There are 2 protein chains.
Amino acid sequence: MALISPQPIKLSALKTACKNCKLHDLCLPLGLDTLDIDRLDEIIKRRKPLQKGEYLFRSGEVFTALYAVRSGSIKTYSENEQGDEQINGLYLPGELLGLDAIHDEVHPCSAIALETTSLCEIPFIALEDLSQHIPGLHHQLFRIMSKEIASDQTLLMLMAQKNAEERLAAFLVNLSSRLKQRNFSDIEFFLSLSRKDIGNYLGLTIETISRTFSHFQSKGLLETDRKYVKILDLHKLKSIAGLASDCSQDEQCPSKTAS
Amino acid sequence: MALISPQPIKLSALKTACKNCKLHDLCLPLGLDTLDIDRLDEIIKRRKPLQKGEYLFRSGEVFTALYAVRSGSIKTYSENEQGDEQINGLYLPGELLGLDAIHDEVHPCSAIALETTSLCEIPFIALEDLSQHIPGLHHQLFRIMSKEIASDQTLLMLMAQKNAEERLAAFLVNLSSRLKQRNFSDIEFFLSLSRKDIGNYLGLTIETISRTFSHFQSKGLLETDRKYVKILDLHKLKSIAGLASDCSQDEQCPSKTAS
DNA sequence: CGCTCACTTGAAGCAAATCAATTAGTGTGG
DNA sequence: CCACACTAATTGATTTGCTTCAAGTGAGCG
């Protein structure tokens with residue numbers, strides 16, 4: 001996800017250890033003590049950044065490592081026999097990719113950089129081995145996988161029961177809240193996905209996405225200029241998304257802060 | 001899933017250990033040696049069977065354990081703020097439920113028995129602890145979670161890109177192959193889900209499911225009588241589902257057996 | 001028997017897909 | 001610098017697959 005005033009990538013950052021990483025409490029080291037983080041650090045490889053359009057891995061390749069996004073963003077998509085693509089994940093800094101490949105040791109999807117993206121590579125055998133000795137790491141891995149399962153199920157609900165407006169609103173609200181967690185603006189950002197990709201992700205066509213954006217804009221909910229989005233009424237968007245009363249990720253909500 | 005000539009549940013079966021369980025190689029013990037299976041056995045609790053319509057857990061309840069289906073079947077569904085339900089899982093014997101609750105220790109969905117169902121309860125803290133000491137168990141847990149992620153993504157693709165016929169065909173083919181793995185007939189079975197539930201699961205209405213079944217029947221692909229289904233042309237169904245060339249789960253496929 | 005419930009079938013309506021035309025940005029080469 | 005091709009996005013017109021509404025069937029049950 002390209003962001004408002006993105007920080008240039010410094011070469012020194014490539015050597016940054018987990019313990020100094022700003023994404024520390026979103027990523028794998030969450031809940032580990034300093035010593036254990038050092039041990040985790042030892043198995044993690046920093047890679048040279050991927051350029052936009054470069055593949056991290058392709059569907060069918062043998063699985064050897066998980067990857068954590070450090071900066072930039074990655075989309076994953078799978079292809080069926082007929083050749084149509086389905087985007088099934090958008091990964092932001094601090095998020096872990098490749099979890100769907102563990103069970104048969106082959107990547108079921110391809111991963112491609114949406115912009116210049118730097119990553120940490122975490123060899124899975126070493127990680128499994130290490131997590132045998134660090135209960136906190138072990139638990140955090142389960143948590144991350146569990147979260148992915150739960151969020152896929154939310155997306156499923158979206159697809160099964162929501163109309164175009166509700167889907168796009170939910171997508172934007174979800175993105176907004178994830179950006180906020182990463183200390184980026186939650187109301188102003190650049191989409192790294194094209195309209196076509198958003199449509200694919202949400203099970204809609206590009207025309208429908210475009211029309212729905214226009215509609216939101218005419219209702220004064222947001223402003224767009226190509227990939228730039230400025231949310232003017234986040235609360236209303238949440239309510240369209242069907243998340244009006246769910247403030248679990250939003251400490252602004254009066255009813256929650258009161259309780 | 002009610003099955004052709006289902007085996008009556010014997011009381012003695014409740015005491016059966018993992019090592020004698022027919023589901024052994026589909027479930028958690030897969031890949032463990034006899035000794036380790038015994039250790040797993042010690043933490044697992046056999047529960048008295050649930051009757052049809054009884055809840056295993058409800059959305060919002062605190063998560064304490066995973067559950068493995070021994071016989072019968074369970075559906076899980078979540079509810080959004082508007083109160084509409086979304087079925088997000090159908091669990092057959094040997095399959096593990098509750099994985100989506102690990103990350104925030106609360107069940108995001110409810111689980112209800114579709115028929116008389118017996119289960120193993122696996123306290124999660126004990127399981128985590130045990131898997132620290134048994135690498136194979138640890139790995140198997142990752143595999144199971146990874147598989148759930150991958151299968152949710154397949155379902156997502158279904159929802160995003162497939163029409164009613166393709167979705168129902170994919171559902172039936174998937175069910176058929178899972179039943180086969182469990183040594184049940186893959187062409188003749190009873191659906192434990194109602195038409196309404198199938199529709200909900202696939203993001204369609206009951207009327208569309210009914211019409212699509214009728215359509216399949218008139219094309220000679222299958223016969224139905226209420227919940228009973230007999231598949232007459234599994235190959236054609238697979239091709240409708242978009243899985244014609246994918247024989248990964250079907251050892252009948254000549255091109256695969258040849259290789 | 002009459003009631004309910006699960007399902008089926010038909011007809012009408014609608015949201016989103018498809019088809020189509022236009023605009024605007026991006027890159028290429030003369 | 002402009003002409004040209006190419007791609008991404010917007011907007012309008014038309015079509016369509018599924019939903020919604022409606023009516024009816026048949027099994028199961030007190």
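Worth saying up front: this structure is predicted, and the values here are computed from it rather than measured. Residue numbers begin at 1 in each chain, while the letters A, B, ... track the order of the sequences.
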Start and end of chain B contact along DNA chain C [non-hydrogen atoms, under 4.0 Å]: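 From 5' to 3', the first and last contacting nucleotides are C/dC7 to C/dA11.
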Whether [Y] and [X] form a salt bridge (side-chain N of Lys/Arg under 4.0 Å from carboxylate O of Asp/Glu) is what I want to check.
X	Y	result
A/Glu79	A/Arg58	no
A/Lys52	A/Glu115	no
B/Glu223	B/Lys230	no
B/Glu207	B/Arg195	no

Once rounded to the nearest 0.5 Å, what's the spacing between atom [atom1] of [X] and atom [atom2] of [Y]?
X	Y	atom1	atom2	answer
A/Leu56	A/Tyr91	CG	OH	11.0 Å
A/Leu202	A/Arg167	CG	CZ	7.5 Å
A/Asp197	A/Leu191	CG	CG	10.5 Å

Practice item. Provide the closest heavy-atom pair for B/Leu99 versus B/Leu96 in the form atom of the first, atom of the second, distance. Key: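 Heavy atoms of B/Leu99 and B/Leu96 come nearest at CD1-O, 4.2 Å.
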Give every pair of a protein N or O atom and an N or O atom of nucleotides 16-18 of chain D that lie under 3.5 Å apart, one pair per line with the distance.
unit_1, atom_1, unit_2, atom_2, d
D/dC18, OP1, B/Ala164, N, 2.7

Separation of [N] [atom2] from [X] [atom1] (nearest whole Å):
X	N	atom1	atom2	result
A/Leu191	D/dA8	CG	C1'	13 Å
A/His215	D/dT10	NE2	C1'	16 Å
A/Ile206	D/dT11	CD1	P	12 Å
A/Ile209	D/dT10	CD1	C1'	13 Å

Please list each protein N or O that sits under 3.5 Å from an N or O in nucleotides 27-30 of chain D, with the distance.
unit_1, atom_1, unit_2, atom_2, d
D/dA27, O4', B/Arg226, NH2, 3.3

Tell me, with the steps shown, if A/Thr224 and A/Gln217 meet side-chain hydrogen bond (donor to acceptor under 3.5 Å, both in side chains).
CA-CA 7 Å; A/Thr224 60; A/Gln217 198 149 4; 3.0 Å; yes
Measure all distances between protein nitrogen or oxygen atoms and nitrogen or oxygen atoms of nucleotides 21-23 of chain D, and list the pairs falling under 3.5 Å.
unit_1, atom_1, unit_2, atom_2, d
D/dC21, N4, B/Glu207, OE2, 3.1

* Asked: Step by step, would you call A/Ser110 with A/Ser59 a side-chain hydrogen bond (donor to acceptor under 3.5 Å, both in side chains)?
  -> CA-CA 4 Å; A/Ser110 302; A/Ser59 168; 4.7 Å; no
task: Decide whether a cation-pi geometry holds between B/Arg182 and B/Phe184; the criteria are a distance under 6.0 Å from NZ or CZ to the six-membered ring centre and an angle within 45° of the ring axis.
output: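 Output no; distance or angle outside limits.
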Worksheet entry | Donor-acceptor contact below 3.5 Å, side chain A/Thr117 vs main chain A/Ser73 |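 Between the backbone of A/Ser73 and the side chain of A/Thr117 there is a qualifying donor-acceptor contact (under 3.5 Å).
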Point to revise | Degree of bending in the helix from C/dC1-D/dG30 to C/dG30-D/dC1 once both end axes are built from five pairs, to 10° | key: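 Axis-to-axis angle, ends of the helix: 30°.
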Residues two or more places apart in sequence or in another chain: which of them pass side-chain hydrogen bond (donor to acceptor under 3.5 Å, both in side chains) with A/Thr212?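 Not a single residue meets the side-chain hydrogen bond (donor to acceptor under 3.5 Å, both in side chains) criterion with A/Thr212.
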> Step by step, would you call B/Glu165 with B/Lys219 a salt bridge (Lys or Arg N to Asp or Glu O under 4.0 Å)?
Replying inline: CA-CA 12 Å; B/Glu165 286 203 3; B/Lys219 288 207 285 181; 3.8 Å; yes
Practice problem: Give A/Ser194 one of three labels, base, sugar-phosphate or nothing, depending on what nucleic acid heavy atoms sit under 4.0 Å from its own. | Solution: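 Sugar-phosphate: the residue A/Ser194, judged by heavy atoms under 4.0 Å, touches backbone atoms but no base.
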Classify the angle between the aromatic ring planes of A/Phe63 and A/His107 as parallel (below 30°), tilted (30 to 60°) or perpendicular (above 60°).
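Perpendicular: the ring planes of A/Phe63 and A/His107 meet at over 60°.
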